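For reference, the structure discussed in these notes is given below.
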Amino acid sequence: MPQWRLVMQTSPNPASPVQPILAWYDRHARDLPWRAPDATPWGVLVSEIMLQQTPVARVLPVWREWLARWPEPAGLAAEPSGEAVRAWGRLGYPRRALRLHQAAVAITQRHGGAVPADHAELLALPGIGAYTAAAVASFAFGQRHAVLDTNVRRVLARLVSGAEYPPKSQTRAEVRLAESLLPDDPATAARWAVAAMELGALVCTARSPRCADCPVLDRCEWQLRGRPAYDGPPRKGQTYAGTDRQCRGRLLAVLRDAHGPVGKPALDVVWADAVQRERALDALVADGLVDPLDDGRYALPS
DNA sequence: CACTCGTGGAC
DNA sequence: TGTCCAAGAGT
């Protein structure tokens, strides 16, 4: 029998980091609107999509605008997808806006306008992967799921594995570890999920972790080993200047800031390299983020 | 699996 | 100042 089963049967387990981290969360959790008692599953879903690879501070104002304008999925679904792209503003990765619009359409058509509570049905929605499906099921519906994001992966890497950073890509061992720590009671499991994420976001950060404020410092394996530096393969540093991504961003910003369709010259002026510019524009069209009109102009999609 | 896909703040 | 990185998903 695997050792973790024995651990699970002991309740409460003194060595488990769950209780100290739950207690820490009770005192230090940020007061975020998608965690409020009146937050809807739709509000939670929108927040999770927006928060993908994007800091909380930048999401907050856009999330408020979206929820005020589209308090329910049906409202967004009734709009042209270009309105979602425009309202996305400068959050980055605008394909998320497109997929969120597609998800709203699917929720309206397939689920009667209500965000599904079922994990598999969430996973089937556009733009929702393993993490987001588990997060929505857990945070919005109080279910018991292993919610494994970049914060939790880092917390577990340090606390349990004794490494400064988790592996580059998620491993099965990480999933098993996360599942082994999950409290049995669904409501407690859901609170644990958000608490572990919050600890990673506020204390067990990637750079300059605030170990003095950590509720489980005394049992942190990374700490016990003397905080050895990361020794794995070099982690890819993302370059940006001069890339297609930067070019796409410039082109789409022109369309976002315009009130209607724009002519080709308005796009040409924002990027000097014509070959790269055309490639990026074609890609935006292929992605459905830009609509080429019959008259030669360009617009956000309808 | 490795790669693409935005943006801006912190150090 | 350049580097790092922030609640990932899709291909």
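A note on names: the letters A, B, ... follow the listed sequences, proteins ahead of strands, and every chain is numbered from 1. As the structure is a computational prediction, the values presented were derived from the model and not from experiment.
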Distance, [atom1] atom - from [M] to [N], rounded to whole angstrom:
{"N": "dG6(B)", "M": "dC4(C)", "atom1": "C1'", "value": "15 Å"}
{"N": "dC5(B)", "M": "dA6(C)", "atom1": "C1'", "value": "15 Å"}
{"N": "dG10(C)", "M": "dG8(B)", "atom1": "C1'", "value": "24 Å"}
{"N": "dA9(C)", "M": "dC1(B)", "atom1": "C1'", "value": "15 Å"}

| query | Looking only at atom types and distance, does a side-chain atom of Arg277(A) sit under 3.5 Å from a main-chain N or O of Trp271(A), one as donor and one as acceptor? | reply | yes
| task | Search all heavy atoms of Ala196(A) against all heavy atoms of Ile21(A) and return the closest pair with its distance. | result | N-CG2, 4.2 Å
| said: Using the rule side-chain contact (heavy atoms from CB on, under 4.5 Å), only one of Leu122(A), Leu125(A), Thr40(A) pairs with Val115(A); which is it? | reply: Leu122(A)
| Salt bridge Glu179(A)-Arg172(A), side-chain N to carboxylate O under 4.0 Å | no
| field | Salt-bridge contact Arg86(A)-Glu79(A) (side-chain N to carboxylate O under 4.0 Å) | value | no
| query | What pairs with Arg227(A) under salt bridge (charged side-chain N to carboxylate O under 4.0 Å, His left out), at least two apart in sequence or on another chain? | reply | none
Measure the distance from [atom1] on [X] to [atom2] on [N] and round it to the nearest whole Å.
{"X": "Arg96(A)", "N": "dT4(B)", "atom1": "CZ", "atom2": "P", "result": "18 Å"}
{"X": "Leu91(A)", "N": "dG9(B)", "atom1": "CG", "atom2": "C1'", "result": "14 Å"}
{"X": "Arg86(A)", "N": "dG6(B)", "atom1": "CZ", "atom2": "P", "result": "17 Å"}

| Sub-4.5 Å side-chain heavy-atom contact between Asp118(A) and Phe141(A) | no
| note | Nearest-nucleotide check on DNA chain B, Pro94(A) vs Ser208(A); residue mapping nearer the 5' end is Pro94(A)
| Reading 5' to 3' through nucleotides 2-10 of chain C, protein heavy-atom contacts under 4.0 Å coded B for base, S for sugar-phosphate only, - for none | --BBBBBSS
| field | Heavy atoms of other groups near Glu72(A) CD, more than 12 under 6.0 Å | value | no
| Residue-level proximity of residues 239-267 of chain A to DNA chain C when a heavy atom falls under 4.0 Å | none
| To the nearest 0.5 Å, how far apart are CD in Gln52(A) and OH in Tyr131(A)? | 8.0 Å
